[in-house]
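To start, the structure under review is shown below, and the notes come after it.
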Amino acid sequence: MLKDVFIPAVLLATVISPLSAASAAPIKVEALAHNSTAEYVGAPFMPYANPEAPTGGTLSLDARGTFNSTNKWMTTGVPVIGTDYLYDTLMTGSLNEAFTMYPQLASSVTYDPDDTSWIIYQLNPAARFWDGTPVTSNDVKATFDALLTKGPMYIRSYLGDIKEVQIIDKQQVKFVFNSDDNKEILLTVGQFPVFAKTSIDADFEKISLTPLMGSGPYKLGRIEAGRSVSYVRDPNYWGRDLMVNRGRYNFDMIKFVYYQSDEIAFEGFKSGQYRFRPENKASNWATGYNFPAVKAGLVKKESIANQNPVPMQGLIMNMRRPLFQDIRVRQALSYAYDFEWMNKTLFHNQYERLQSFFHGSELAATGTPSEAEMQILTPLLSELEPLQRQAVLSEWQVPTSDGNGFNRDGLLAARQLLLDAGFYYDDMQLYQPDGKPAQIEMLMTGETMGRVLLPYIRNLKRLGFDAKLRQVDGPQYYERKRSFDYDMTTDIFAQSLSPGAEQAGFWGSSAADEAGNRNSIGIKNAAIDSIVDQLSDASNRQEIILYTKVLDRLLRAGHYLVPLYGKSGTNVAYWDQYRHTEKLPTNAVGIDYWWVDKKAEQRINQYLKQ
């Protein structure tokens, strides 16, 4: 159990503050903050939690596609949603702070502010797996050894600075890193689940619906193959009294119901098959909530604000394909997208056009580069193509149309860019400079994106492309994404308020050649690599903001994707049995801290039986 002991702020900040001239001895602390100070050390519970929240009831949500595995940490299989509920991590993050970690499996950490090439995590002696066996340093080492040698490539990349995991004793494990440059890695290792060594040895790479042994607040409940999965709260959960867990994990059951399309899923919500729905479809939000249960006051709509960057959703171009090597081609493809018409006719003007990879946050680059940004950019300008260099130095603006549905100006600009790139027309068909037809296959799964992609494909055809939409089932889609087998597809790049080493997985040159990594675009750009490295080595919050803005400018200027749309905050609809604190967290919906009003749940159950 975590003691309510106050740790002086200076100790919590040393991991990320500029190093003092005098040498510091290793220190032992109960929380870690990256380039900031942990605010809630000594607090009895998190400020967005209700420690008196009743337990019971069911949280039910929807999911898409299908599944055949409970292990999302290996390179094969289609994992079921929700498995994070099965596992504790060494530390757990605050939903009010940029990158701050509080104890979970670990009760404290020891590190040297002057030598961040190592950190020791002290395990809580009370920590137990579901079978009652203690969580030990052997389990931690076995977990990370498996992730580093058998895990998905993006995870291996993310943890690539780990040199060795050493067992000091039963309850102390030491992470040794390749250098002391990446201070973020001290916290990063605390974010990962810990599995029992016995189950790792037997089952880590097995495609199975039996999960690895965990220590988390929920156990796997009932599975209906391809239809639903449920998780049942463990009444003997060892960590229920930890500070970060007080008022958390209140539902007796968490259930995910699978659907093949959003349209069917919405009908399922209306009928009460599941009862909590993040609403990502603008037309539903604007006009769809007029069914009887809404009119009876049994379904609520709520817009929940948060300070995180709006996830960049875009139509990515696979840079591994020769077609997309010329930046003018990529720029032309952006001109062909008519957001204004789509927003008006399809989305009821509810979306914003994404102008940044960190849209809506303090990390987004705006206007022209500041003096501080120019000091970083100037040495890199010679490495950029002329069009990219020009865009980096200019005030950014994605192409806009008049919204009449013809996008004449955009298509004319796109046509000229293609001609400038050496493309030519013959019998109304567009050809590449080498004489090959200009063909693009758009890969998708499910039904949701079809109405967005089809108007775009129509515009590509007007430009002369032989453009086709290729719809495949979930498993085939995931496998093709893993192996980068597509021309264009949609992808989402969600960002936190503290970007760092994970950016190498998104945009780094080495990640472009690693199947299963997150560089789905295939970017290889020395300037971007340089900024990602500097961002990972940032020593304070101001540097994180500065380097992120420079990275934002470089990514936008490369025209690597067609930015689609997004919305600040989250729209949720739910049957009126769920409750939350008046003050929600600033960076998330925080559903793990909600609870069920049992009387309201009974009333809704009675209504649905009618």
Check: Taking the six-membered ring of Y486, is the NZ or CZ of R480 close enough (under 6.0 Å from the centre) and on axis enough (within 45°)?
Finding: no
Next item on the list: Measure from NZ or CZ of K300 to the centre of the six-membered ring of W575 and say whether it is under 6.0 Å with the direction within 45° of the ring axis.
Entry: no
Notebook entry, point to check: Does the gap between the ring centers of Y258 and F67 come in under 6.0 Å?
Noted result: yes
Checklist line | Centroid-centroid under 6.0 Å between F269 and Y574 rings | finding: no
Next item on the list: Show your reasoning for whether ring pair (Phe, Tyr, Trp, His ring centres under 6.0 Å) applies to W594 and F251.
Entry: CA-CA 8 Å; W594 292 40; F251 307 107; 8.4 Å; no
Note to self: Less than 4.0 angstrom from a charged side-chain N to a carboxylate O is my criterion; do K72 and D84 meet it?
What the structure shows: yes
Margin query: The criterion is salt bridge (charged side-chain N to carboxylate O under 4.0 Å, His left out); which residues satisfy it with K481, sequence neighbours excluded?
Written below: D491
Notebook entry, point to check: Is there any salt bridge (Lys or Arg N to Asp or Glu O under 4.0 Å) pair reaching into residues 212-227, and which pairs are they, with sequence neighbours excluded?
Noted result: E224-R227
Note to self: Which residues pass the side chain to side chain donor-acceptor pair (under 3.5 Å) test with Q191, not counting sequence neighbours?
What the structure shows: Y158
Could you pull out all residues at least two apart from [X] that satisfy ring pair (Phe, Tyr, Trp, His ring centres under 6.0 Å)?
X    : result
Y593 : Y48
Y87  : F195
F493 : F506, W507

Margin query: Tell me whether Q104 contacts the main-chain N or O of T89 through its side chain, where contact means a donor paired with an acceptor under 3.5 Å.
Written below: yes
Margin query: If I compare all heavy atoms of S69 with all of M74, which pair ends up nearest, and what's the gap?
Written below: OG-CE, 3.5 Å
Notebook entry, point to check: Are side-chain N/O atoms of S356 and D552 paired as donor and acceptor at under 3.5 Å?
Noted result: yes
Notebook entry, point to check: Which of parallel (below 30°), tilted (30 to 60°) and perpendicular (above 60°) describes Y231 and F256?
Noted result: perpendicular
